[in-house]
Amino acid sequence: MKKKRLDDYTSSLCWRKKFLVMRLVYFLMIGFVVLVPTSVSAQNKMISLEIRSETLSSVLMKIKDQSGVNILYNENVLRDVPCKDMKLEKVTVEEALNRIFEGTRFGYEVSRGVIVIRERQAKEIIQKSVKVSGQVSDEKGEHLPGVTVLIKGTSIGAATDVDGKFTFSIPAGKHVLQFSMVGMESKEIVIDSNKEIPEIVVVLKPAKNELEDVVVTGIFKKSKESYTGAVTTITEKELKTFGNKNLLTTIGNIDPSFNILSNNEMGSNPNHLPDIQIRGAASLPNLEELQDNSKTSINLPLIVLDGFEITLERMMDLDANEVASITLLKDGTSTAIYGSRGANGVVVITTKEPEMGKLALTYNGSVNIEVPDLTEYRLLSAKDKLKLEQLSGYYESYSPSRDYLLKTKYASILADVERGVNTYWLSKPLRTGVGHRHNLRLEGGDKSFRYSASIQYNNVAGVMKDSDRNNFNAGITLTYHHEKLIFQNALTIGFTKSNDSPYGSFSDYTQLNPYWKPYDDNGKIVKLFDNDTDYWGGLSRLPRNPLYNATLHLLK
């Protein structure tokens, strides 16, 4: 009996030793393998992920948290392996894993409800790879050697040979092939290796030089890095960013050195040519400028359009949609090539050249609204203005006859004020001007002959009533390319019709008293506000209504 108990005890001790050994092995394994214990039924649950600069290990933990699926993998291996950036919306766990491991050396298999992540054998990868081949050429059909062809986001790819051909293997699935070469624009195409891939034919276009990297002087083009003069280059993109105002206003908004001097007397008159300074004010005008008696031309910079000098008016009417770049030459080094004509700076304008390719028809339209701003004017009402004049002693005199005349005039004005006369004269000659601009352009051609035809119409409505400017331009450009020679024929026709406001100067309305009436009791416009020559001291000093001249055609 004792022997049996001893045998049982010995057997129990051996079983405990085996259990301890098994636990030791388990704890040794746990340092290399991570088992995420969760429910098995969660494999079909839909998940969503957004992966940005993460490792495979952290992505697998996200999948586990959302789905609750069992995942077994080697933490020491996957924690340093980067995962491709991607965004997954409502996909199954298997679909997510296929996307994550696509193009990598890792795969997975499902065993008894547990997803086991393992490293695929090289033979497996080769079996799932697909060969792609193709040829790269330029627009002229010439083969391009040395073009880099890569799967986007990876180092898998090849380079084209002397005939522009390439061949390499890609993993199964959808990929983006990226074609790049110095001096050519990069191109991307999408291929699906799960389907039959035909021979890939790619045409690369020459890379366009960014205008901000080139200085256009009107005589030659020079790299900006090697140019020592003070210049500002305005690109087509910048012109579009600053809206559809006239070209002068746009340049002034982009570059503060293009100084447009304000003229309060002219205000927002659309027909007024402003005074512009780039290199400051000239100290002494030349003889020709003195004879012209024109202040504007003294400080005006030289304006060059496609190699030819133009006037400020022509520049103001130029449509920004036709401009490719504008270069402002500011210092002596920049303007030396123009001699004394460039003393005030030079504005070099380059218009768009016809682009090679298919026939293209483009239209640009816009609406311009001119709104008067009277918020800075704080004027007295008719009642307050009359009260101010009375308190200042304006209606008092030491002469009895004069004092009687002044008191009578005050009583007459007071009666009008009490009847409700309170004229806001600033609004009488103003309006909200609504203008519009249209540009229609047709262009096309091939590598040897290109053409373009354009029509522009611009209507500017000023804030002064009946002031406007209507401008019409049309042009045809024919360009011939023969090897390194370029022949260009350009025809431009312009027509401008402008109208100044018949309402006179705005300053005339700022001097009128609010207790004066623009119309009589019958609703007719008055020529004079007061006929009392004794009070005003003569016929020539009688106050006149500036609205009268503007409405003479209505009185006929």
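Here the structure is a predicted model, which means the values were calculated and not measured.
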Check whether any side-chain heavy atom of [X] lies under 4.5 Å from a side-chain heavy atom of [Y], and answer yes or no.
X    : Y    : answer
L374 : Y424 : yes
L318 : L305 : yes
L329 : L302 : no
R450 : E443 : no
L204 : D138 : no

How far does [atom1] of [X] sit from [atom2] of [Y], to the nearest 0.5 angstrom?
X    : Y    : atom1 : atom2 : value
L547 : L512 : CG    : CG    : 8.0 Å
L247 : L239 : CG    : CG    : 6.5 Å
L478 : I476 : CG    : CD1   : 7.0 Å
L542 : D532 : CG    : CG    : 8.0 Å
R541 : D530 : CZ    : CG    : 13.0 Å
Q456 : N364 : CD    : CG    : 10.0 Å

So, for [X] and [Y], which heavy atoms are closest and what is the spacing to 0.1 Å?
X    : Y    : value
K84  : I51  : O-CG2, 3.7 Å
V434 : N459 : O-OD1, 4.0 Å
G445 : Y451 : N-CE2, 3.7 Å
Y515 : K385 : CE2-CG, 4.0 Å
L430 : P372 : CD1-CB, 3.8 Å
V347 : P301 : CG2-CG, 4.2 Å

Is it true that atom [atom1] of [X] has more than 12 heavy atoms of other residues, nucleotides or ligands lying nearer than 6.0 Å?
X    : atom1 : result
Y363 : OH    : yes
R52  : CZ    : yes
Y404 : OH    : no

Partners of [X] by side chain to side chain donor-acceptor pair (under 3.5 Å), sequence neighbours excluded?
X    : answer
R378 : none
R431 : none
D373 : T375
E188 : K152, Q178

Could you tell me which residues satisfy ring pair (Phe, Tyr, Trp, His ring centres under 6.0 Å) with [X], sequence neighbours excluded, listed by chain and number?
X    : result
H436 : H438, Y457
Y410 : Y395
Y480 : F449
F258 : none

Any ion pair linking [Y] and [X] (charged N to carboxylate O, less than 4.0 Å)?
X    : Y    : answer
R441 : D319 : no
E236 : K352 : yes
D416 : R419 : yes

Do the side-chain N and O atoms of [X] and [Y] include a donor-acceptor pair separated by under 3.5 angstrom?
X    : Y    : result
D508 : S505 : no
N321 : N439 : no
N471 : N458 : no
D520 : N522 : no

Passes side chain to side chain contact (heavy atoms under 4.5 Å, CB included), W516 versus V526? Steps please.
CA-CA 10 Å; W516 286 340; V526 298; over 6 Å; no
How would you list, by chain and number, every residue that makes a salt bridge (charged side-chain N to carboxylate O under 4.0 Å, His left out) with [X], sequence neighbours excluded?
X    : value
K407 : D403
D65  : none
K383 : none

Applying side chain to side chain contact (heavy atoms under 4.5 Å, CB included), can you list everything that pairs with L361, at least two apart in sequence or on another chain?
L440, L442
Could you walk me through whether M315 and I251 pass the side chain to side chain contact (heavy atoms under 4.5 Å, CB included) check?
CA-CA 11 Å; M315 178 181 175; I251 297 174; 3.4 Å; yes
Taking [X] for the side chain and [Y] for the main chain, is one N or O donor matched with an acceptor at less than 3.5 Å?
X    : Y    : result
N422 : A382 : yes
S412 : T408 : no
E418 : A415 : no
N253 : T249 : yes
N545 : P518 : yes
W425 : T510 : no
S48  : K90  : yes
K465 : K428 : yes

Stepwise, does the side chain to side chain contact (heavy atoms under 4.5 Å, CB included) test hold for L49 with Q66?
CA-CA 9 Å; L49 292 174; Q66 287 195 35; 3.4 Å; yes
Which of T496, T492, I349 passes side chain to side chain contact (heavy atoms under 4.5 Å, CB included) with R314? Answer is T492
Test D317 against R469 for side chain to side chain contact (heavy atoms under 4.5 Å, CB included), laying out the working first.
CA-CA 10 Å; D317 293 332; R469 184 179 184 85; 3.0 Å; yes
